[in-house]
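Just so it is clear, the values below take in all heavy atoms, side chains as well, and ignore hydrogens, waters and symmetry mates.
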Amino acid sequence: MPYFKRETQKKDFLRLEEDILELWDKEKTFKRSVDQREGGDKFVFVEGPPTANGLPHPGHILTRVVKDLILRYKTMRGFYVQRKAGWDTHGLPVEIEVEKELGISSKPEIEKYGIEKFNQKCKDSVFRYEKEWVNATKRVGFWIDMDDPYITFENDYIESVWWSLKEIWDKGLLYKGHKVVPFCPRCETTLSSHEVAQGYQDVEDPSVYVKFKVKREAEESEPLYLLAWTTTPWTLLGNIALAVHPSHTYVKARVNVKDDGGAKDKEGILILAESRLDVLEDEYEILERFAGKDLEDLKYEPLFEYAKIEGGEAHKVITADFVTLDEGTGIVHIAPAFGEVDYEVCREKKLGFSQPVNSNGHFTHDIPPPLEGMFVKDADRLIIDMLTERSILYKEERYLHSYPFCWRCGSPLLYYARESWFIAMTTLRDNLLANNERINWYPEHLKYGRFGNFLDDIEDWALSRERFWGTPLNIWICSDCGQEYCVGSIKELREKAKTPVPSDIDLHRPYIDDVVLKCDECGGDMRRVKDVIDCWYDSGSAPFAQWHYPFETEKFKHNFPADFITEAIDQTRGWFYSLLGVSTAVFDVPPYLNVLSLGHILDENGVKMSKSKGNVVDINVLFETEAADALRWYLFTTGPLTEDIRFSAQAIREKQKKFLNTLWNSYFFFVTYATIDEFNPQEKNMISVEQRNAMDRWIISRLNTLTKDVIAAIERFEIHVAARKIEEFVVNDLSNWYIRRSRRRFWIIEENFDKDCAYLTLYEVLVSLCELLAPFVPFVTEHIYQNIVRGISEDARESVHLCDYPSPDKSLIDAELEASMEFVSKLVEAGRRARSDAGIKIRQPLKEVVVICDRDKRENVERLTGILKEEVNVKEVRFEDKVLESEFAVSEDYKRADVDEETCLFLDCCPDKNLIEEGLVRDIVRRIQGMRKDIDLEYTAKIGITYACDEEVKEAIHNFSDYICDETLAVSMEEGTPTPSSSEEETTGSEHIYEKSWKIGDKAVYLAIKPLHSLAEKD
RNA sequence: GGGCCCGUAGCUUAGGCCGGUUGGAGCGCUCGGCUGAUAACCGAGAGGUCCGGAGUUCAAAUCUCCGCGGGCCCA
């Protein structure tokens, strides 16, 4: 009875993978792989939660398989690796999807529809594609616990988030301020940067040069103006200051207008940057030059007197480094209500604030007619006219620039200051930087590059969103005394509430909005601020909120900080930052110690995949034709994971062909012969490596070297280096050299020590290789393992994924042997080159090859000359010293080929009659083997041979008949005559006889084979 | 507009930190060979402005600067 299950040579990997998925399911292999390591060292991983309200795309598949690889590897290395799945469920994108569905697009419409119903819709929608996500995750073999995931909308999760915000609140880092945000006046909605980025268009806007009149103590004859430039005239209603660069040079220039016809506006003394004098259209005279800082605090008259200004000074010159001289006049109009930098600089300089525009983009009632109630973008023309009338418009131009529009309704966006709650990240900058120091970034440049730079210029975190579906901001304000209170738990909420809180309260809006707290100060009613929080804060809280910390402490204690996280590069300022930000604010420690940033998956033309371009690869379609292992291997080997990948289904198929098929065929070769021979590794495992031949020791040495290199590469997260090394090993070393070179050892029929060595070696290599490859290609390795390990041993672990990762055995690494083998293969190459040059095919045996090389090189190679003989097909290999080189070089009998700088070889190119006969016979054997294969004969089937040929060939056949019979499993060889119908190169299949006429060189040879009974019943 | 990354044969890429024979592979192509595990493999050949330009140097794919193209993030 054979010990192994036979296989078919062509494998349907898709079917194989489905079977393996069933096996894992049935045997709960994933759970067991984790559980059996309990008590081992922890390797902590945090899943970056995807949103399941859209379909997973190839990029998600990449991160999933990379996570899987690392986690499987660490598990096999003995670490206890818990893998909790997670779902990101809140946020504006979710709301927008629901709005689309409901056919509405503004906040008032949502309120009219009902927040309760709206949020329920949001909640329902976030798992709309959960099934697809779960399926895709399973299908690629990503082992993660999706039965018990963390979900950011669950009360436990929200409660942990609340706790963390209260920690931040208690540290005094949570404050209320203004934030200038991109805002759609029609939808009355703040847009996320992602949405803004979608809607840029090139448009022409008015660009105006406005003269701000400088206030002066004594009335002088000539008025002095600051010349400022803006492309949004309507924002002039919110002007608070003018900014100049402190160190650039400015001038006072008197403009001389020759022709006074209607050009009165241009007269006067203007202040502007010297390098921007080009903007003046008239002749001028420089009166004075000075640095920008000399202008500081210079007061000017407000353009408009309408707006209320609160909280500080206004209408003076300030200095700021952000002022550039690329365009405009070097004097920048500052309106804190409409620009982020404007707002920041006013806050810094303690200037006032004015908001002349209401939330739907119209001027407020503070602004008198005709501007009152007008939509700001429509007001530009009118404002320009007003300025002209008052002679303070220097000139007007058109200006082409890209400006953002609402991607939903097409309205121009306004940058608009809204009230917002902030986390004071700027005060934590040093802590952020210190914590970043402790993180290993892959690729390294991110640490001080994109991420480090970002931290250097960190801004306060605008936490609140005036929206509906999100974690409610846990701040209550007393309507009587204005006292603010931050609630840190559900328990606290109950204690503080004026009316009983339902036991099953959903912490979302609108329910939470109904909870009124009692003010500690005055006993008044405290109501929650209406905001929800940025969903990035949600996911940034995952390290503790997924364990409901601190309300439950045990799990968190052992799972923080994370040893490893990985996501794509776009998360640098996304999740990678929100994790660090939250953790630094709450715990002041880094939340992860190693972070691997992956490149993006681009389409085959190198362009980003996006819905609008229609170039997104549908992974469901992909999985109908491509095996998960092939896809994984493609992703792992194609290049550094930290760089973008051009996605190509064609390349996946090539990977399957090159790697998976070769791996499979190596395995197939083994089981095929091991089955025939009923080889059982358990009976032979006492043969030590030292007892085996050089080829066996070589492949074992290579395997151990490989193991060492693979582990080192994975530890550096150089996945492609590890995978490529394995691929080289499988394709070159194992398949194309070891197995090809060792084939004959497996063909021997009798019991034989050398054959046992070969079997055992190949078996051991395959088993180790399976273990080594298991994290990369979990399906096919499992299949192989099930057959060749678990299939023969009750004691074996039930899955390759329950095994330990191989560790290199240094005592089995023989660097000298590996080097020698490399040298031999170079000799073989050179030998073949010499044959090719001489026009002698390899099947023709030759007398000898003479290798001219150094003594020490020779010593290492001499033990491997058998290989050289066979590969080059010569009877002898001779080594000679350099001094004899010239002797061979002049001989016409020898063909020369260079091996390396110091080594060359000479091939004897004069076969004698005997050798020529042997060559002929080898050709015949080759034809017969081909014929056996043609008719799919069993490997062991015996045949009878009939032949017809000329005398010369006949003599060769006679002389080598034993050889022919041995090679082709023939029991008889008889002369015969071709059947009349069989002409040259044409075959006839009469009963059990297969015949064919051949041309070998210039000889015509007729061959017929007749299968006899199978050899399975051995003689 | 700013920051970071990438650009090597038709395609996928090695090399780049640390400059030094003629820039290596694989797929594909042409020719020849080999083959009872492998739609595999081996040998030879065609195919390169190493994105472009400038600089440093005895010497640049490699270092520096300026562009161009792609990607990401921020405006």
Side-chain angles (χ1 to χ4, degrees), chain A residues 7 9-10 182 193-194 196-197 200 322 324 326-327 339-341 401-402 404 415 443-446 448-454 456-457 459 568-574 577 597 599-602 604-608 634 637-640 642-646 648 650-651 653-655 657-658 661-673 720-721 724 727-728 731-732 735-737 739-740 743-744 746-747 762 825 828-837 839-844 871 873 897 901 922 925-926 928-934 936-941 967-969:
Chain A
E7 295 280 6
Q9 187 165 319
K10 294 271 179 302
S193 57
H194 172 74
V196 176
Y200 275 92
F322 62 74
T324 66
D326 300 337
E327 52 188 7
E340 194 172 349
V341 281
H401 62 155
S402 73
Y415 284 85
E444 220 174 336
H445 62 77
L446 290 175
Y448 300 113
R450 183 184 286 205
F451 195 70
N453 292 342
F454 176 61
D456 286 339
D457 308 328
E459 288 172 21
I569 177 87
D570 54 283
Q571 294 300 331
T572 309
R573 295 174 184 195
Y577 170 66
S597 160
H600 283 120
I601 305 267
L602 310 177
E604 49 191 353
N605 302 314
V607 180
K608 181 191 174 180
Y634 161 70
T637 49
T638 198
T642 51
E643 281 168 33
D644 293 347
I645 296 171
R646 283 193 190 196
S648 145
Q650 177 65 29
R653 282 189 285 277
E654 274 166 21
K655 275 300 167 190
K657 228 168 74 179
K658 187 186 178 79
N661 285 355
T662 309
L663 176 67
W664 180 265
N665 284 316
S666 303
Y667 156 71
F668 173 74
F669 175 89
F670 172 78
V671 280
T672 302
Y673 287 98
H720 72 295
V721 173
R724 284 174 177 187
E727 182 167 294
E728 265 170 54
V731 174
N732 297 338
S735 170
N736 202 28
W737 194 247
I739 295 180
R740 189 170 65 77
R743 264 190 299 212
R744 306 185 76 83
F746 295 89
W747 295 344
L762 180 54
S825 76
V828 169
E829 272 175 38
R832 293 211 182 112
R833 211 159 41 233
R835 274 182 171 275
S836 181
D837 286 351
I840 303 173
K841 57 188 180 181
I842 290 170
R843 242 181 254 121
Q844 176 60 58
E871 288 289 321
N873 197 15
E901 294 82 1
R922 278 194 59 172
V925 167
R926 159 77 193 114
I928 295 169
Q929 303 288 39
M931 289 169 74
R932 289 182 63 111
K933 201 176 178 181
D934 284 346
D936 280 331
L937 266 190
E938 282 291 313
Y939 293 115
T940 50
E967 289 293 310
T968 63
L969 299 184

Given B:G28, B:C73, B:A37, identify the nucleotide with an atom nearest to the side chain of A:Lys657. B:G28
Answer yes or no: side-chain N or O of A:Ser735 and base N or O of B:A40 forming a donor-acceptor pair under 3.5 Å. no
5'-most contact on RNA chain B (nearest-nucleotide basis), A:Trp737 vs A:Leu602, goes to A:Trp737
Could you tell me the separation between the CZ atom of A:Arg835 and the P atom of B:G32, rounded to a whole number of Å? 18 Å
A:Arg843 has a side chain; which of B:A37, B:C34, B:G43 sits nearest to it? B:C34
Would you mind reading off the distance between A:Glu654 atom CD and B:A39 atom P, rounded to a whole angstrom? 16 Å
Rounded to whole angstrom units, what separation is found between the CZ atom of A:Arg450 and the P atom of B:C4? 10 Å
For nucleotides 7-15 of chain B, read 5' to 3', which letter fits each nucleotide if B means a protein heavy atom sits under 4.0 Å from the base, S means only the sugar-phosphate is that close, and - means neither? -----SSS-
Please classify the nucleic acid contact of A:Glu829 as base, sugar-phosphate, or nothing, using heavy-atom distances under 4.0 Å. sugar-phosphate
Looking across every strand, which nucleic acid part, if any, lies under 4.0 Å from A:Gln929 by heavy atom: base, sugar-phosphate, or nothing? base
Take the angle between the ring planes of A:Phe669 and A:Phe746 and call it parallel below 30°, perpendicular above 60°, tilted in between. perpendicular
Using a heavy-atom cut-off of under 4.0 Å over every strand shown, decide if A:Asp570 touches base, sugar-phosphate, or nothing. sugar-phosphate
I'd like to know if A:Arg740 reaches the base of B:U38 with its side chain such that a donor and an acceptor end up less than 3.5 angstrom apart. no
Nearest-nucleotide 5' precedence on RNA chain B, A:Val731 against A:Ile739: A:Ile739
Nearest to side-chain heavy atoms of A:Asn736, which nucleotide of B:C41, B:U38, B:G43: B:C41
